[in-house]
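Here's the structure we're looking at; comments come further down.
Here is how names work: the chains are called A, B, and so on, in the same order as the sequence lines, proteins then strands, and each is numbered from 1.
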Amino acid sequence: MEIPKTYDPKQAEQNHYERWEREGFFAPEINRDPQAPVFSIVIPPPNVTGSLHMGHALQHTLMDVLARYKRMCGYRTLWLPGMDHAGISTQMVVSRELKKEGLSRHDIGREQFVERVWKWKQESGGQITRQMRREGASVDWSREKFTMDAEMTRAVREVFVRLYDEGMVYRGNRIVNWCPNDQTVLSDLEVEKIPQSGKLYYLRYPLKSGQGHVTVATTRPETMLGDTAVAVNPKDERYRGLVGKTLLLPLTGREIPIIADEFVEAEFGTGAVKVTPAHDQNDYEMGQRHSLPQVVVIDSEAKMTEAAGEEFVGLDRYKARTKVVEKFAELGLLEKIVDYEFAISKCERCKTVIEPLISTQWFLAMDKLRDRALEALQQDKSPQFVPEVPYEKVYSNWLENLRDWTISRQLWWGHQIPAWYTADGTVIVARSEEEARKRAGNDELTQDPDVLDTWFSSQLWPFSTMGWPEDTKDLATFYPTSVLVTARDIIFLWVSRMVMAGLKFMDDEPFADVFVTGTILDAHGQRMSKTKMNGVDPLEVFDKYGVDATRLKLASVGSTDIRWSEKQVESYRNFANKIWNAARFSLMNSEGAAVKPEALSDVGPESALHDRWIVSRLNKTAREVRKALAGYEFHEAVQTLYHFFWDDFCDWYIELTKSDITAEEASSSRAEARSRLLTVLEQALRLLHPFMPYITEELWQKLPGVSGELLHPAYSGAAQSIMLAAYPEGQSELIDENAEWEMQAVIDLISRVRNIRSEMNIKPSERVMLLIGSPDKKTRAVYQTNSAQISRLARAAEVSISEKLEAPRASARAVLVGGAEVAVPLEGLIDFAQERERLGKEKEKLSAESAKLEAQLDNPQFAERAPAEKVEEVRARIADIAQRNAQLDQTIANLG
RNA sequence: AGGCGCGUAGCUCAGGGGUAGAGCACUACCUUGACACGGUAGGGGUCUGGGGUUCAAAUCCCCACGCGCCUACCA
């Protein structure tokens with residue numbers, strides 16, 4: 001078999017995905033065991049406008065690791081894919097397209113516009129679904145969903161109607177966040193606060209009595225045209241006498257009262273606040289408390305209204321600001337302007353400054369939904385956040401301060417609100433127009449033009465995708481899902497709302513666990529973003545290093561924020577190459593051998609040390625990986641696998657088994673050794689498969705002897721694939737601590753000799769003589785049994801083992817654990833001064849350690865209070881060091 | 001303004017009361033019949049600083065400094 005020396009990931013990446021998908025491996029139906037436990041995940045639906053970024057690649061990798069792992073463990077596994085219609089984003093993309101044709105959406109009308117969006121989706125939307133195939137994501141494409149699909153829309157309407165009937169969805173006129181650019185209302189979560197340097201204007205409002213004035217401080221002078229009061233803190237002595245008095249609002253001549261309200265901070269500015277109930281959230285609330293009139297002076301385009309007065313009507317809000325300030329200056333009412341840093345609210349998407357406006361919108365009352373979610377968290381610890389700190393607290397704090405959710409949007413793309421109005425303005429909320437019509441009893445119905453916030457449909461995702469409100473088999477089987485893997489920026493927008501919706505409509509949590517991924521920053525620690533152009537394209541990384549290597553890097557990111565470093569991907573690329581070459585070696589020497597379970601189960605007390613040892617290591621590794629994955633410790637799992645494969649399997653096992661494998665003469669022992677090597681490799685590939693699906697499948701398919709017998713019983717009869725092989729159990733009875741100890745002694749000896757060779761500049765081609773002395777019988781036996789291996793790996797011509805070391809003066813020596821000692825006679829080669837120095841260094845190290853330990857033991861408190869076994873441990877270590885030191889002294893003395 | 005997190009080798013990061021770890025980078029040697037995307041052996045850290053708790057602190061607590069993130073109704 002011709003196998004190239006270097007692994008080319010591209011080929012493997014092209015070879016398998018299509019087959020996996022075609023064979024139905026991703027669908028839970030592949031599992032034929034009716035008793036199989038269930039594992040399910042729904043994907044956080046990416047925006048239909050989006051293309052793959054590192055955040056996706058990270059989430060998808062973690063979900064795929066879990067899905068592939070659970071599938072191999074025999075779980076009936078569903079990972080459900082889909083996309084979000086992404087209201088504003090998508091509408092903006094298509095509007096931009098239209099603009100290139102010189103059209104606006106209003107030119108073509110709503111119906112045609114929506115058609116146009118669907119056409120766009122058909123042609124250019126959903127790039128991500130193709131990119132996910134490249135990632136190797138084992139999602140069940142036959143269940144793919146889109147939030148605007150008919151079934152999703154049905155679920156949305158059902159939920160809306162039920163919530164309306166219960167009085168939780170309502171229509172109201174109140175102050176909202178308005179984006180003058182997108183011409184729609186936004187929820188609090190779609191508004192971002194951006195710090196900026198601005199001005200604070202001090203304006204004087206004269207008292208009606210003509211006796212003096214009150215000075216207010218504001219960042220938005222133009223809104224003074226809509227002021228209907230000035231507020232002070234009731235405890236503020238300075239203004240005590242003025243509360244209840246009347247001011248003359250400059251430029252308008254309007255009379256406004258001075259009111260007292262706890263909201264006002266006496267320390268800030270002048271302690272007096274202008275109150276504009278129509279254009280500020282807090283002022284709106286103060287207005288409610290004091291029954292103040294609302295004077296609307298800014299319209300939805302952020303221009304001044306007629307109510308602002310003749311001089312201002314039609315002016316842009318910022319032009320109006322300049323003009324108001326000028327007027328105040330002219331009137332001698334501008335006290336001062338000072339520089340001021342504050343946070344301004346901007347539209348998350350288009351960065352336009354938000355204008356708070358009073359508007360009629362649909363809202364969802366959150367208190368009952370919230371209470372239920374908090375109860376689930378407190379009583380059932382549901383969902384379980386990983387990492388628990390800080391996310392559980394972040395989540396609960398947010399819930400506690402939750403306000404009603406503005407769910408309507410003035411857009412065309414989205415779920416149109418299922419509310420109809422009769423000619424006389426009666427509202428009918430229904431599941432369909434027919435139903436509304438039936439109830440209305442006449443034909444004059446117009447549907448509410450608004451659509452629902454995109455997140456209104458996303459919150460239903462875990463059950464709407466499974467067929468709710470029907471009682472489907474999928475819902476019964478896969479809901480609630482096992483875990484949600486997501487980024488932290490949508491804990492509020494999405495996670496919390498899914499919990500609330502799930503509890504409300506399914507009467508059950510939507511997922512047991514929430515794994516929150518870390519953030520991948522650029523090399524300078526900056527967030528990756530489109531505007532900064534500092535994003536790393538996962539597809540480019542795939543091309544350069546391979547999907548498997550990238551996945552391994554991403555898996556080890558887990559839940560921490562890290563700076564992107566290509567070097568690490570490169571090192572995992574090297575790891576993939578290492579795997580490739582270990583397999584290459586195994587295959588090049590596989591004549592007469594095959595993968596077979598007996599090759600490992602036959603290993604017993606009579607077997608060679610390295611065979612007993614690798615079986616033990618394999619099982620220990622499987623256990624550790626399983627444990628790590630159970631706790632979502634991806635990094636731990638990757639490290640464990642990396643070291644098992646590279647250090648244990650490649651560096652030691654392959655090296656130790658080489659002499660058996662490469663024997664010239666065919667023999668049953670050679671065939672057994674070869675089968676054993678192939679079988680260990682096959683097990684290792686299974687362990688790695690959830691992380692590195694492509695290379696493991698590629699190699700697995702090449703192994704002689706792979707058959708349906710290797711598949712997990714739940715998949716018997718399925719086509720052969722490592723992705724359906726049983727994940728190694730990691731049986732504790734196959735862990736052999738004795739073999740691990742013996743192997744450690746051998747490794748220790750070989751390393752010491754290699755160290756001597758290196759320090760003494762002995763050429764690799766030069767064979768040396770090893771003299772080993774050990775007072776311990778068992779240790780001698782281990783060295784004796786493995787002396788052939790030891791000579792090969794330490795490049796020795798001869799190994800001689802005795803109870804007491806007798807070596808020529810011209811020897812380099814090393815002290816081993818347990819009082820053993822090794823000497824390498826170097827007549828004519830040894831530089832005594834150099835050797836003395838080398839041993840001296842060794843002794844220094846030991847002495848330093850010993851000094852620390854002795855100081856500890858000398859402390860009477862230690863012996864008294866520390867656990868006895870700790871004290872004993874320290875004693876033992878001191879004794880060991882003392883023995884080794886004595887030997888070193890002797891050795892140095894012998895050098896003369 | 002509050003809340004939270006982080007600061008460990010030159011770099012990127014694990015670890016998390018009881019002998020300081022990995023990868024990369026670095027040094028020396030090696031075309032050893034799987035792999036130079038490799039092998040072998042090394043060097044390198046008062047775990048940000050200061051206090052405290054403890055027999056014992058990189059680890060727990062407090063303070064300071066530095067860096068992030070999130071929440072918020074000081075106009």
Q. Heavy atoms under 4.0 Å, any strand shown: does A/Glu265 hit a base, just sugar-phosphate, or nothing?
A. base

**Q.** Length of the CD1-P vector between A/Ile562 and B/rA14, whole Å
**A.** 8 Å

(Q) Can you see if the side chain of A/Asn397 gets near the phosphate of B/rC70 - specifically, an N or O under 4.0 Å from OP1 or OP2? (A) no

Q: Output, in order, the C-alpha distance, side-chain angles, deciding distance and verdict of salt bridge (Lys or Arg N to Asp or Glu O under 4.0 Å) for A/Lys567 and A/Glu570.
A: CA-CA 5 Å; A/Lys567 281 283 173 197; A/Glu570 190 182 329; 3.8 Å; yes

Q) Can you tell me if the side-chain N/O atoms of A/Asn574 get under 4.0 Å from OP1 or OP2 in B/rG38? A) yes

Q) A/Glu864 near the nucleic acid: base, sugar-phosphate alone, or nothing, with a heavy-atom cut-off under 4.0 Å? A) nothing

**Q.** Length of the CE-P vector between A/Met588 and B/rA34, whole Å
**A.** 6 Å

Q: Tell me whether the OP1 or OP2 atom of B/rA34 has a side-chain N or O from A/Trp646 closer than 4.0 Å.
A: no

(Q) Taking 4.0 Å as the cut-off, does a side-chain nitrogen or oxygen of A/Lys193 come that near to OP1 or OP2 on B/rC70? (A) no

Q. Is A/Glu655 touching bases, backbone alone, or none of the nucleic acid, heavy atoms closer than 4.0 Å?
A. base

Q. Which listed nucleotide (B/rC35, B/rG33, B/rA75) is nearest to the side chain of A/Phe263?
A. B/rA75

Q: Would you list the pairs meeting salt bridge (charged side-chain N to carboxylate O under 4.0 Å, His left out) in which at least one residue belongs to residues 194-205 of chain A, sequence neighbours left out?
A: A/Lys199-A/Asp339, A/Arg204-A/Glu335

Q. Hey, does the side chain of A/Ser751 come within less than 4.0 Å of B/rU40's phosphate (OP1/OP2), counting only N and O?
A. no

Q: Write down the distance between CG (A/Leu587) and P (B/rA34), rounded to a whole number of angstrom.
A: 13 Å

Q.
If the cut-off is 4.0 Å, is A/Arg573 near the phosphate of B/rC37, judged by side-chain N/O to OP1 or OP2?
A. no

Q. Under the 3.5 Å rule, do the base of B/rA36 and the side chain of A/Lys5 count as making a donor-acceptor pair?
A. no

Q | side-chain N/O A/Lys763 vs B/rU32 OP1/OP2, d < 4.0 Å | A | no

Q: Report yes if at least one side-chain N or O of A/Arg403 is closer than 4.0 Å to OP1 or OP2 of B/rC73; otherwise report no.
A: yes

